[in-house]
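What follows is a single structure, written as structure tokens, with notes after it.
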Amino acid sequence: MTTITRTRDLPASPATVWATLADFDALALWADDIDHSSLTTEQRDGVGTTRRVQMGQITLIERVTVWEPDHRLAYDIEGLLPIVKRATNTWTLTPTADGTLVSLATTVDTGKRPDKALIGAGIARKMAEASDMMLDGLTAHLEDLS
């Protein structure tokens, strides 16, 4: 299993950051590499909420597994390569004197075999690049709101 974490210090409160993250079907509004996102459940928030994410020809399904308002949001990601047993993104919001430290941890599990673990580490690195783009988009979106 490989976990890679990216962080940003944002000059916005955890509640403001959370409001953007919790608008779960609106990902395409602020993440530049996302072409389209929409809910696949009637449920709009909380554990179990699911969205479809389109990036070019890649379609992912993301299902919320942790929903802690103003603090943590995690979701499983389905639709990656078949070698991936489980992939998860976890957003953590930590209040700071000037706003919020936003962390996005990507975990990829491809099993215990060394050859698969090596491939999993490569997939995690690519996903971490996507995390950087999401954090950049979130930063720009929040700057536009202020």
Side-chain angles (χ1 to χ4, degrees), residues 1-12 14-94 99-113 115-146:
M1 188 168 355
T2 302
T3 300
I4 299 176
T5 303
R6 301 290 200 239
T7 61
R8 295 285 189 291
D9 277 308
L10 300 182
T16 300
V17 176
W18 178 261
T20 297
L21 296 177
D23 192 1
F24 202 60
D25 63 333
L27 178 65
L29 296 178
W30 54 267
D32 290 339
D33 56 334
I34 305 299
D35 297 321
H36 177 76
S37 60
S38 60
L39 293 177
T40 61
T41 56
E42 288 189 30
Q43 180 177 338
R44 299 197 57 78
D45 56 30
V47 173
T49 302
T50 305
R51 70 180 169 202
R52 179 183 181 272
V53 176
Q54 189 73 41
M55 301 175 300
Q57 296 200 1
I58 299 170
T59 301
L60 303 174
I61 300 296
E62 299 178 335
R63 182 170 292 104
V64 175
T65 58
V66 176
W67 185 276
E68 299 171 9
D70 300 343
H71 182 62
R72 184 171 292 124
L73 170 68
Y75 47 87
D76 286 345
I77 304 166
E78 300 170 4
L80 298 167
L81 298 173
I83 191 172
V84 177
K85 291 183 174 190
R86 184 172 186 203
T88 303
N89 272 349
T90 302
W91 296 82
T92 303
L93 312 180
T94 305
T100 305
L101 177 64
V102 179
S103 298
L104 177 51
T106 299
T107 302
V108 176
D109 183 3
T110 52
K112 296 186 188 282
R113 283 187 26 202
D115 58 332
K116 288 186 176 185
L118 187 60
I119 294 168
I123 293 168
R125 282 191 299 278
K126 288 301 280 182
M127 290 179 68
E129 291 174 15
S131 294
D132 283 330
M133 286 188 274
M134 283 196 293
L135 285 163
D136 291 344
L138 178 63
T139 301
H141 177 75
L142 293 173
E143 286 172 355
D144 289 346
L145 292 178
S146 51

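We use all heavy atoms of the structure for the numbers below, so side chains are in, but hydrogens, waters and symmetry mates are not.
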Distance-minimising heavy-atom pair for G99 and P14:
O-CD, 4.2 Å
Atom CE of residue position M1 - does it have more than 12 heavy atoms of other residues, nucleotides or ligands inside 6.0 Å?
no
Residues 37-71 vs ring-ring contact (aromatic ring centres under 6.0 Å, His included), sequence neighbours excluded, gives W18-W67
Summary of ring-ring contact (aromatic ring centres under 6.0 Å, His included) pairs that have at least one residue in residues 43-66, sequence neighbours excluded
none
Interatomic distance, CZ@R44 vs CG@L39, rounded to 0.5 Å, equals 5.0 Å
Roughly how far, to the nearest 0.5 Å, is CG of L104 from CG of L138?
9.5 Å
Quick one: closest heavy-atom pair of S37 and A26, and the distance?
OG-C, 3.9 Å
Mind checking whether L10 and T16 have side chains closer than 4.5 Å, heavy atoms only?
no
Can you tell me how far CE of M133 sits from CG of D33, rounded to the nearest 0.5 angstrom?
4.5 Å
Least distance between heavy atoms, A74 atom then T90 atom:
CB-OG1, 3.5 Å
Do the non-hydrogen side-chain atoms of L21 and L93 ever get within less than 4.5 Å of each other?
yes
Rounded distance (nearest 0.5 Å) linking atom CD1 of I58 with atom CG of D35
10.0 Å
One should read off an interatomic distance between R51 CZ and H36 NE2, to the nearest 0.5 angstrom, of 11.5 Å
W91 side chain reached by L135 side chain, heavy atoms, under 4.5 Å:
yes
I4 and M127: CA distance, side-chain angles, deciding distance, side-chain contact (heavy atoms from CB on, under 4.5 Å) verdict:
CA-CA 9 Å; I4 299 176; M127 290 179 68; over 6 Å; no
When you measure from the side chain of T59 to the backbone of Q54, do you find a donor-acceptor pair of N or O atoms at a distance under 3.5 Å?
no
Could you tell me which non-hydrogen atom of T49 sits nearest to which non-hydrogen atom of G46, and how far apart they are?
OG1-O, 2.9 Å
Partner of T88 by side chain to side chain donor-acceptor pair (under 3.5 Å), out of T107, T3, D76, T65
D76
Are any of the side-chain heavy atoms of F24 and L73 separated by less than 4.5 Å?
yes
Out of curiosity, L142 CG to T20 OG1, how far, rounded to the nearest 0.5 Å?
4.5 Å
When R8 is tested against each of T139, T100, D136 for side chain to side chain donor-acceptor pair (under 3.5 Å), which residue passes?
D136
I need the minimum non-hydrogen distance between G111 and A117, along with the two atoms involved.
O-CB, 4.3 Å
What residues form a side chain to side chain contact (heavy atoms under 4.5 Å, CB included) with R63, not counting sequence neighbours?
T50, I61, E78
Can you find a heavy atom in the side chain of Q43 that is under 4.5 Å from one in the side chain of V64?
no
Note: S103 and T5 closest approach over all heavy atoms is CB-CG2, 4.1 Å
